[in-house]
Amino acid sequence: MDFNMSEEHEAVQDAARDFAQNVLLAGVIERDNDQKFDRTLIKKMGDLGFLSMMVKPEYGGGGMDTISYVIAMEEISKVDASAAVIMSVNNSLVCWGIQAYGTEEQKKKYLTRLSSGDEIGAFCLSEPEAGSDATSQHTTAEDMGDHYLLNGTKNWITNGNSSEICLVMAQTHPEKGHKGINVLIVEKGSPGFMVGRKEDKMGIRASDTHTLMFTDVKVPKENRIGEDGFGFKFAMTVLNGGRIGIAAQALGIAAGAFELSLKYAQERKTFGRPISDHQAIQFKLAEMATRIEAARLLVYKAARLKDQGKNYIQAAAMAKLFASDVAMWVTTEAVQVHGGYGYVKEYHVERMMRDAKITQIYEGTSEIQKLVIARELLK
Ligand code: CAA
């Protein structure tokens with residue numbers, strides 16, 4: 001067991017911190033206010049290699065390990081959780097899924113585009129009646145011989161309007177239940193593919209979340225990932241890794257709110273002393289730091305297991321369950337430490353509190369994580 005970072009990991013951390021503090025921080029409040037998805041920032045993230053960290057170099061990626069990815073996710077999430085979720089979906093759901101299970105042609109065709117920042121990906125599993133109950137897919141992919149005919153609606157899709165490449169789960173053989181589901185690569189601009197309503201969200205407002213509609217969209221057979229009926233297993237397997245990314249996002253939101261609180265507590269004076277001299281504040285800081293450190297260990301453990309090729313289902317679910325609760329708790333305390341200033345936008349922590357909430361919901365709610373953990377324990 002080694003608690004030290006390698007030189008490469010330190011370099012990744014420095015690069016991500018530099019990008020977050022010097023590029024993302026300016027404008028983060030405005031982007032949140034205006035719900036502005038900033039394409040130029042996404043392109044910069046691609047240029048710096050943050051959109052395809054685990055993709056092999058021959059497909060345009062960084063060829064890095066999962067630890068590097070969570071380190072970068074933490075630093076970026078400390079400042080801008082919206083940029084972090086765009087990055088997370090592209091890295092762990094879309095790129096990782098294609099790299100792990102795609103054909104050579106699919107990897108060559110899509111991974112380079114997804115790595116550059118010129119194009120980004122979306123992961124389309126959720127539906128109006130299939131959120132936690134993901135096996136109940138109503139979207140259909142009818143087998144027409146050389147292509148599938150895709151019909152249905154997907155909800156709450158991160159990067160919904162901005163993505164060029166979508167991984168869409170759809171039912172081909174309803175009689176087979178979840179074993180009849182396929183995953184198809186669907187390109188924006190395909191006739192019958194429409195972007196619907198944009199969600200007006202509580203947090204991560206600078207990422208665009210939309211409903212997507214598919215009406216008789218023709219998807220070539222070669223765009224199916226894996227064998228016929230592999231789609232649900234694909235979604236579940238990819239989400240195991242995605243949950244490590246979201247756990248790292250939650251960790252970063254918590255750590256960012258903590259860093260601001262630590263600084264503020266030493267600057268703000270009450271009763272003639274910095275508030276950090278008051279035990280009430282010291283206890284808050286101590287508990288925030290302890291919970292964050294515990295979350296970090298769980299996130300790193302899950303990432304390490306994944307890099308070692310071991311089973312990380314339980315570890316990923318535990319990391320997400322715990323880190324998302326830590327994010328919610330720490331950001332709420334951060335607002336409290338900041339007092340009235342914490343309740344206004346200028347001081348960032350109110351945004352972080354709003355951003356934290358989604359980490360308990362997407363890529364499997366906290367209740368689903370408990371289900372996953374319990375099932376692994378009882379196997
Ligand atoms: N890893 C690998 N395989 C898994 C798995 C996991 N974590 N969980 C389930 N499976 C497999 C099972 O082994 C089973 O396969 P077999 O039939 O071959 O044995 C199959 O999936 C069905 O599993 P269950 O019988 O357990 O099905 P269930 O309906 O009882 O439970 C569930 C399934 C675990 C609740 C699943 O529906 C689930 O994870 N729901 C949450 C969905 C989710 O996380 N959605 C996130 C949306 S994407 C998103 O948020 C992205 C974004 O934009 C940020």
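Order of appearance sets the numbers: ligands from 1, and atoms from 1 within every ligand. No hydrogens, no waters, no symmetry mates; every other heavy atom, side chains included, goes into these values.
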Among protein heavy atoms, which lies nearest atom 48 (S) of ligand 1, and at what distance? Phe123 CD2, 3.8 Å
With Glu119 as partner, the option from Lys188, Arg113, Lys109 fulfilling salt bridge (charged side-chain N to carboxylate O under 4.0 Å, His left out) is Arg113
Within the structure, does Arg243 bring an N/O atom to less than 3.5 angstrom of an N/O atom in ligand 1? yes
Which of the numbered atoms in ligand 1 are under 4.0 angstrom from any heavy atom belonging to Lys179? 16 (P), 17 (O), 18 (O)
Would you check if Asn151 and Asp216 make a side-chain contact, meaning some heavy-atom pair closer than 4.5 Å? yes
Please indicate whether any nitrogen or oxygen in Thr158 is less than 3.5 Å from any nitrogen or oxygen in ligand 1. yes
Between Glu363 and Arg243, does any side-chain N to carboxylate O distance fall below 4.0 Å? no
Any protein heavy atom lying closer than 4.0 Å to atom 8 (N) of ligand 1? yes
Just going by heavy-atom distances, which of Arg375, Met236, Glu367 is nearest to atom 4 (C) of ligand 1? Met236
Using a 4.0 Å cut-off to any heavy atom of Gly131, which atoms of ligand 1 qualify? 42 (C)
Is it the case that over 12 heavy atoms from other parts of the model lie below 6.0 angstrom from the CD atom of Glu7? no
Under-4.0 Å salt bridge between Arg39 and Glu164: yes
For Ile313, take its heavy atoms, then give the atoms of ligand 1 lying under 4.0 Å from any of them. 1 (N), 7 (N)
Please state whether the rings of His278 and Phe271 are parallel, tilted or perpendicular, taking 30° and 60° as the class boundaries. perpendicular
If you measure from each non-hydrogen atom of Ala134 to ligand 1, which part falls under 4.0 Å: side chain, backbone, both or neither? both
With a 4.0 Å cut-off, would you call Arg205 and Asp200 a salt bridge? yes
Hey, does Arg273 have a side-chain heavy atom less than 4.5 Å from the side chain of Lys269? no
Thinking salt bridges, do Lys78 and Glu75 make one under a 4.0 Å N-O criterion? yes
Any N or O on Gly364 sitting closer than 3.5 Å to an N or O of ligand 1? yes
Could you tell me the residue and atom name of the protein heavy atom closest to atom 21 (O) of ligand 1, and the distance to it rounded to 0.1 Å? Phe232 CE2, 3.4 Å
Min N/O separation Ser132 to ligand 1 under 3.5 Å: yes
Close-contact set for ligand 1 against Val89 heavy atoms, below 4.0 Å: 54 (C)
For atom 11 (C) of ligand 1, closest protein heavy-atom neighbour: Lys233 NZ, 3.7 Å
Distance filter under 4.0 Å to Thr135 heavy atoms, resulting ligand 1 atoms: 29 (O)
I'd like to check which ligand 1 atoms, numbered from 1 as shown, lie under 4.0 Å from a non-hydrogen atom of Leu93. 51 (C)
Quick one: are His138 and Thr153 in side-chain contact, heavy atoms under 4.5 Å? no
Where is the nearest protein heavy atom to atom 50 (O) of ligand 1: which residue, which atom, and how far? Glu363 N, 2.9 Å
For the pair Lys221 and Asp143, find out whether any cationic side-chain nitrogen is under 4.0 Å from an anionic carboxylate oxygen. yes
Can you list the ligand 1 atoms lying under 4.0 Å from a non-hydrogen atom of Ser126? 47 (C)
If you scan the protein for heavy atoms around atom 32 (C) of ligand 1, do you find one that is closer than 4.0 Å? no
Would you kindly specify which portion of Thr365 sits under 4.0 Å from ligand 1, judged on non-hydrogen atoms: side chain, backbone, both or neither? neither
How about Thr139 and Lys154: do any of their side-chain heavy atoms sit closer than 4.5 Å? yes
Contact check: His178 vs ligand 1, nitrogen or oxygen atoms, below 3.5 angstrom: yes
Side chain, backbone, both or neither: which part of Thr209 has a heavy atom under 4.0 Å from ligand 1? neither
Distance only, no hydrogens: is a donor on one side chain within 3.5 Å (strictly under) of an acceptor on the other, for Asn155 and His210? no
Would you kindly specify which portion of Asn240 sits under 4.0 Å from ligand 1, judged on non-hydrogen atoms: side chain, backbone, both or neither? side chain
Are a donor atom and an acceptor atom from the side chains of Lys198 and Asn161 found within less than 3.5 Å of each other? no
Ala317 touching ligand 1 at heavy-atom level, < 4.0 angstrom: no
